[in-house]
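Beneath this line is the structure, given in structure tokens, with notes to follow.
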Amino acid sequence: MSDDDRDWDEFDPEEREEREIGREMVSKSTGLGSVVAHFYRGEMSVVTTWRGRLDETINWAVTIISAILIYAFSTEGKHVILLTGMVVIAMFLGIEARRYQAYDVYRARARMLQENLFANALDPSQGVEHRDWRRQLSEDYRNPTIKTPYMEALARRLRRIYLPFFMLMLAAWIFKLTAFSNQSILETAAVGTIPGIVVLGVVGLFYTIMVSIAFWPRERQSKGEFNDTEPGEWKKSD
């Protein structure tokens, strides 16, 4: 039956012959194989681009942290600059969490192809990971959806990258308060007319929030690359 005669309203992407097109692509020469090759190459190019944007944010954060630490421990450096550094790191964290959400959209598409198309082509006996992967991928192109909630993206970047940055700034700040002053830490921590006890309280609250975001138990929404989990649902639409 030709494509012109086929009733596409009856198309069922969950049928075996439809979902396991990887088997067909390697068993015979098809135009679909050529299209998918270019399509996958394009997807991986976008994934690489967004991965580079994440690395760029981290590089800027490391550069600024280094500059702040050098200035803070110079003869003119004040402990306030380290507090400013904490705020700057938080800003970079927010930016990177947004970028991670966008990166994960394209990474998840590439993983969908790898799991259900290329893995099936290499070993058809194992079948596919998602019965309706073609429908899910099609829907995502028709209506792109963020797959990782913002708070989850924030927590993942905190645990992997930014929490050590924050801890470094906290250690530097405490060292600056205690090792470079003969006054008590409450007196040294004061910022202008703001008492030291208030500054310490705000910093303590800020770090409590950061640690809570990083390690608060939550149901995982993003699909991991190297986690021993069942395939499950690929994405959830709003």
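The basis for the numbers below is simple: all heavy atoms, side chains too, and nothing from hydrogens, waters or symmetry mates. Predicted model, so just to flag it, every value in this text is computed and none were measured.
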Under the side chain to side chain donor-acceptor pair (under 3.5 Å) test, residues paired with Tyr40 that sit two or more places apart: Gln114
Beyond-backbone contact of Val202 with Leu83, side-chain heavy atoms, under 4.5 angstrom: no
Pairwise side-chain contact, Lys147 with Val105, heavy-atom cut-off 4.5 Å (strictly under): yes
Expected output: side-chain Thr208 to main-chain Gly204 donor-acceptor under 3.5 Å: yes
Where Thr148 and Ala153 come nearest, the two heavy atoms and their spacing: CG2-N, 3.7 Å
Interatomic distance, Ser184 atom OG to Leu177 atom CG [nearest 0.5 angstrom]: 10.0 Å
Nearest non-hydrogen partners of Ile81 and Ala72, listed with the distance: CG2-CB, 3.4 Å
Minimum heavy-atom distance between Ala97 and Tyr150, given as atom pair plus value: CB-CE1, 3.6 Å
side-chain hydrogen bond (donor to acceptor under 3.5 Å, both in side chains) contacts touching residues 57-72 (sequence neighbours left out): Thr57-Arg99
Distance in Å, Met44 CE paired with Arg107 CZ, rounded so as to fall on 0.5 Å steps: 10.5 Å
Same apolar cluster: Leu205 and Ile213, side chain cutoff 4.5 Å: yes
Distance, nearest 0.5 Å, that separates CG of Asp132 from OG of Ser138: 11.0 Å
Minimum side-chain heavy-atom gap Val46-Arg109 below 4.5 Å: no
Hphob cluster co-occupancy, Leu158 + Ile95, side-chain heavy atoms under 4.5 angstrom: no
Any donor-acceptor N/O pair, Asn116 side chain to His130 backbone, under 3.5 Å: yes
Within 6.0 Å of CE in Met167, more than 12 heavy atoms from elsewhere: yes
Min side-chain heavy-atom separation Leu69-Leu82 under 4.5 Å: yes
Phe166 and Leu93, any side-chain heavy atoms less than 4.5 Å apart: yes
Residue pairs involving residues 80-97 (criterion side-chain hydrogen bond (donor to acceptor under 3.5 Å, both in side chains); sequence neighbours excluded): Glu96-Arg157, Glu96-Tyr162
ring-ring contact (aromatic ring centres under 6.0 Å, His included) involving Phe39 - partner list, sequence neighbours excluded: Tyr141
Residue list, ring-ring contact (aromatic ring centres under 6.0 Å, His included) with Phe215, at least two apart or on another chain: none
In one Ile/Leu/Val/Met/Phe/Trp/Tyr side-chain cluster, 4.5 Å: Leu168, Met91: no
Nearest-0.5 Å distance that lies between atom CG in Leu137 and atom CZ in Arg135: 12.5 Å
Value rounded to 0.5 Å, distance of CD1 in Ile185 from CD in Glu187: 11.5 Å
With sequence neighbours excluded, residues passing ring-ring contact (aromatic ring centres under 6.0 Å, His included) with Phe92: none
Close side-chain approach of Val62 and Phe165, heavy atoms under 4.5 Å: yes
Separation between CZ of Arg98 and CG of Leu154, rounded to the nearest 0.5 Å: 9.5 Å
Plane angle bin for Trp173 and His79 - parallel if under 30°, tilted between 30 and 60°, otherwise perpendicular: tilted
Note, Asp140 side chain near Met112 side chain (heavy atom, < 4.5 Å): no
Ring geometry between Phe73 and Phe175 (parallel below 30°, tilted from 30 to 60°, perpendicular above 60°): tilted
Linked, directly or transitively: Val87 and Met169 (ILVMFWY side chains, under 4.5 Å): no
